[in-house]
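Reading through the structure tokens given below for one structure.
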Amino acid sequence: MSLNVIKNYALAKKYPMASNKYAAVVASYNATTPYPFSGLTFLHQVIPATYPLAGGGGTTGCSTSIGSGWYDFFGVYSNGYDGMTPWTVPVIATGKKQKLSDLAASITAGKYYYQLAAYPTGTGLHATIASAPMAAADFLAAYGNKVLVTEMILLDDSIDGQVTSGNQRTKLGRINYGENIDPPGYSDVFARFWANQRSTDIGDIDILVPLYRTFIAANLTTAPQGETFNQNSRLAMEVLAAETIGFAEYTNGTLALGSIIPNQNIRYFKLWDEAALNAAMNAIGIPFTWSAYEAQWRNKADWDETGGWIPTGQEQDDTGGGEGTGDNTSDDITEVDPDVSVISTFNKHYACTAAQLGDLGNYLWNSTFLDNIKLLFNDPMEGVVSCRLFPFNLAMHDGSHVGALSPIMIGNVVTDASGYPLANGYNARFDLGSLSIDEYYGSAMDYEPYTTLAIYLPYIGIKDLSTNDFMGRTLSVKYIVDITTGSCIAQVWADEQLLYTYDGHIGVEVPISSTNAAQFASGLAMTGLAAIGGFAASGGNALAAAGTVLATAKGVASNQFHINKGGANSPFAGFYMPQYPYVIINRPIQSLASTFGATYGYPSNVSRKLSTLTGFTQIDEVQLNGVNATMDELNELERILKEGFIL
Amino acid sequence: VNITLYKMTDKVNKIGKTKGSALALTGNLRDNCSIIDPVVDIANATFDYNYAYITQFSRFYFIKNIIMLRTGLFRVEMHVDVLESNETAIKNLTAVIKRQQGVYNLYLDDPLFKAQNKRQVQTKKLNGGFSPNLNSGNPCFVLTVAGGD
């Protein structure tokens, strides 16, 4: 069958599209012959079905010809069809998945996101609103790592084994991911698609829970398990709910909890953990690959692991071993918020503005204070333990650890100056954002030693990261700042795994006496303290030194990129550095000749029957069984096969 | 022996060579003729072929050298084409494929890939950060003083 014939709808005898029909996949099982759990074969029935414009939903159209209940068949579930004339054709599937964070452009301010009930509660299959709306930014922050299925395509697989560049598989109509379709969300729907024929919408298609009941049955940990799960739609929906989160997008944030979403401009999402989605897609039973190219242009024997999904732990033709547990799960690493309300009862901490520190400076040297404080200390400055400057607004960042404005107390002396009392042991946490690290070439060139990765961390410097730790994952950075000491810890996460931590110093020590001013003036630039009139007795000296200190700081900053990636900035010099983390991706520029594949081939490392291959081939090892030749010929043949030949 | 001569234009390491027009002749094997490297005397007006099939040996041969003995008589030195001669058997073999044009795994390290000496350096910002602003009137200082609660 030539390409032209396939593309000509008038000649496509298998697909009577001219009568406004679309292809739906159903099984030949029904209520009396339930689908066995042993797994689907590749052979499914494809039924062209007319979608009646006035047809009802649910199982109405299926009740006589296919089965008496929606759960009695699997595959693509239509809202009703008639005139079914089944014929049999094997199918394969492909699709497109996208991380929610990659769809951020369409998740914008003004839209609200309602989580749907995990499974129907009292109104048939109709899901209800389960939580208060989330604003777009919060929704993205919370679920950006989840995956959305945005397209699904079924193709005729009857020519498997003979697929060539002039004879590719044919798509069974066009099946797009559905949005803005009739309400409400169906919590049993694995994925919903909007079918059309040459730009004419003809109906919605749902892939239902029973389609992947094998997967569900395999993942049940509580009774009923295995075969007893059969026909239990509610249980199937509960398991599905554990694997997905349903959301509805609505531009009006007024929907009530427990209500069913009205029929207006709403988009429905089902968000997946990527690993669960891959496993579920594989468990559909239909041959599946995420690579549209493989689905249309490759014989199944030529599918490789880059596009398909083989869930059984040990991937064939890919990795060695065989005795491992196959357990590649990871535990999410979580941060701890320790209950340390009191570290030291000997000191108090206040958050102050520059002006408030100036007020305190003036007060410290008046006679009233000196008389009072001398009861406790020889030097009034002994009452001030330290003063540090931070590059953020302490009160705005974390109001729960910052009290209301009140007079500053030194010892038991209430001063005229005011500040915001801080909780003892208060460590400020900062989320400095995330970044998806994506492959550029889609090959080994995206990994070490070819592509290297480094990160600039404010107040810490540039640090090397392992590319292999982050490629294909989301890198995020969090800071924990010790308000008491000015130290900080930067955490670098890969998805939910904390892989790197770095220490730094973010709080600038502000001189508060002539003694410690002398210690710090040689190393700190003081220009930022100009507003603190009269606070530090040594302020003048420090300001005088500012020019030379700053010049050195800039020199250190510029040199740091080339000489010493590991050094941390001096704290105040860090104020002049970028205040956000950024990732430095250093990748090779590949030089690939256009005939490289035909001349050298690409690394393969799979076992194949040679008749299934075309083009340049080089074997690693072969047993020359069945070749009737002399020993000299066999030796020559083996040499040629290993040097490379063309099929 | 029965020899069919061809003008073959494909690469020598291809299985399923395009052989072009054929000329069937009868030739004489030289004494002690090898099945791997046969030498045949062929009588023909001209000789511009580079590929042959010998029926009695059931093998295809590359023509290595042609020596004109006299006008109309050529001595043809050949070497067996083990790929073409065993095409069916070879295609039935199952092998561990080291490199392939269409079935590949690009995540395997490929020592043949070449990269330019210049490299691409990309910097990508994360979407959070600090904002030092000392004169904003915001409380950015932490003062620690003696005396507990």
Quiz item: Given a strict heavy-atom distance threshold of 4.5 Å, which part of A:Tyr420 is in contact with chain B: side chain, backbone, both, or neither?
Solution: side chain
Quiz item: Under a 4.5 Å heavy-atom cut-off, does chain A meet the side chain of B:Leu112, its backbone, both or neither?
Solution: both
Quiz prompt | From CA spacing to verdict: side chain to side chain contact (heavy atoms under 4.5 Å, CB included), B:Gln101, A:Thr617 | solution = CA-CA 6 Å; B:Gln101 183 174 344; A:Thr617 305; over 6 Å; no
Quiz item: Does atom NZ of B:Lys98 have more than 12 heavy-atom neighbours, drawn from other residues, nucleotides or ligands, at distances under 6.0 Å?
Solution: no
Quiz item: Which atoms of A:Ile408 come close to chain B, meaning under 4.5 Å heavy atom to heavy atom: side chain ones, backbone ones, both, or neither?
Solution: side chain
Quiz item: Looking at B:Thr123, B:Thr94, B:Ile36, which one has more heavy-atom pairs under 4.5 Å with chain A than the rest?
Solution: B:Thr94
Exercise. Check for a donor-acceptor pair, side chain of B:Arg99 on one end and backbone N or O of A:Gln618 on the other, with a separation under 3.5 Å.
Key: no
Self-check item: Region of A:Leu641 in contact with chain B, defined by heavy-atom distances below 4.5 Å
Solution: side chain
Exercise. Walk me through it: do B:Gln120 and A:Tyr440 pass the test side chain to side chain contact (heavy atoms under 4.5 Å, CB included)?
Key: CA-CA 11 Å; B:Gln120 181 185 77; A:Tyr440 181 81; 3.6 Å; yes
Quiz item: Quick one: CG on B:Asp110 to OH on A:Tyr602, what's the gap to the nearest 0.5 Å?
Solution: 9.5 Å
Practice problem: Take A:Val606 and B:Asn105 through the test side chain to side chain contact (heavy atoms under 4.5 Å, CB included) and record every step on the way to the result. | Solution: CA-CA 9 Å; A:Val606 298; B:Asn105 181 353; 5.9 Å; no
Self-check item: Structural part of A:Gln623 lying under 4.5 Å from a heavy atom of chain B
Solution: backbone
Quiz item: What do the steps show when you test B:Gln100 against A:Arg608 for side chain to side chain contact (heavy atoms under 4.5 Å, CB included), and what is the final call?
Solution: CA-CA 11 Å; B:Gln100 224 285 321; A:Arg608 286 286 189 277; over 6 Å; no
Self-check item: chain B contact via A:Ile640 - which portion, at a heavy-atom distance below 4.5 Å
Solution: side chain
Quiz item: Measuring heavy-atom distances to chain B, does A:Asn628 have an atom under 4.5 Å in its side chain, in its backbone, in both, or in neither?
Solution: backbone
Practice problem: Please look at B:Lys118 and chain A and tell me whether the side chain, the backbone, both or neither of the residue comes under 4.5 angstrom of a heavy atom of that chain. | Solution: both
Quiz prompt | Spatial distance of atom CD1 (A:Ile584) from atom NZ (B:Lys124) [nearest 0.5 Å] | solution = 13.5 Å
Practice problem: Rounded to the nearest 0.5 Å, what's the gap from CD on A:Glu439 to OH on B:Tyr107? Could you check? | Solution: 3.0 Å
Practice problem: Go through the atoms of A:Thr630 and report whether side chain, backbone, both or neither lie under 4.5 Å from a heavy atom of chain B. | Solution: both
Quiz item: Centres of the A:Phe575 and B:Phe130 rings: under 6.0 Å?
Solution: no
Quiz item: So with a 6.0 Å cut-off around OH of A:Tyr600, is the heavy-atom count from everything else above 12?
Solution: no
Quiz prompt | Side-chain donor/acceptor of A:Ser604 to backbone N/O of B:Val103, under 3.5 Å | solution = yes
Self-check item: CZ (A:Arg639) with more than 12 external heavy atoms under 6.0 Å
Solution: yes
Exercise. Under 4.5 Å heavy-atom distance to chain B, tell me which part of A:Thr599 shows up: side chain, backbone, both or neither.
Key: neither
Quiz prompt | Any donor-acceptor pair under 3.5 Å from A:Arg298 side chain to B:Gly102 backbone | solution = yes
Quiz item: Non-hydrogen atoms of chain A under 4.5 Å away: do they reach the side chain of B:Asn86, the backbone, both or neither?
Solution: side chain
Practice problem: Using the side chain to side chain contact (heavy atoms under 4.5 Å, CB included) rule, pick out the option among A:Asp620, A:Asn605, A:Leu610 that qualifies with B:Ile97. | Solution: A:Leu610
Self-check item: Positive for side chain to side chain contact (heavy atoms under 4.5 Å, CB included) with B:Thr144, one of A:Val385, A:Thr485, A:Leu422, A:Val384
Solution: A:Val385
Quiz prompt | Residue part contacting chain B, namely of A:Tyr450, when any heavy atom lies under 4.5 Å | solution = both
Exercise. Mind ranking B:Lys11, B:Arg119, B:Lys91, B:Lys14 by heavy-atom pairs under 4.5 Å with chain A and telling me who comes out on top?
Key: B:Arg119
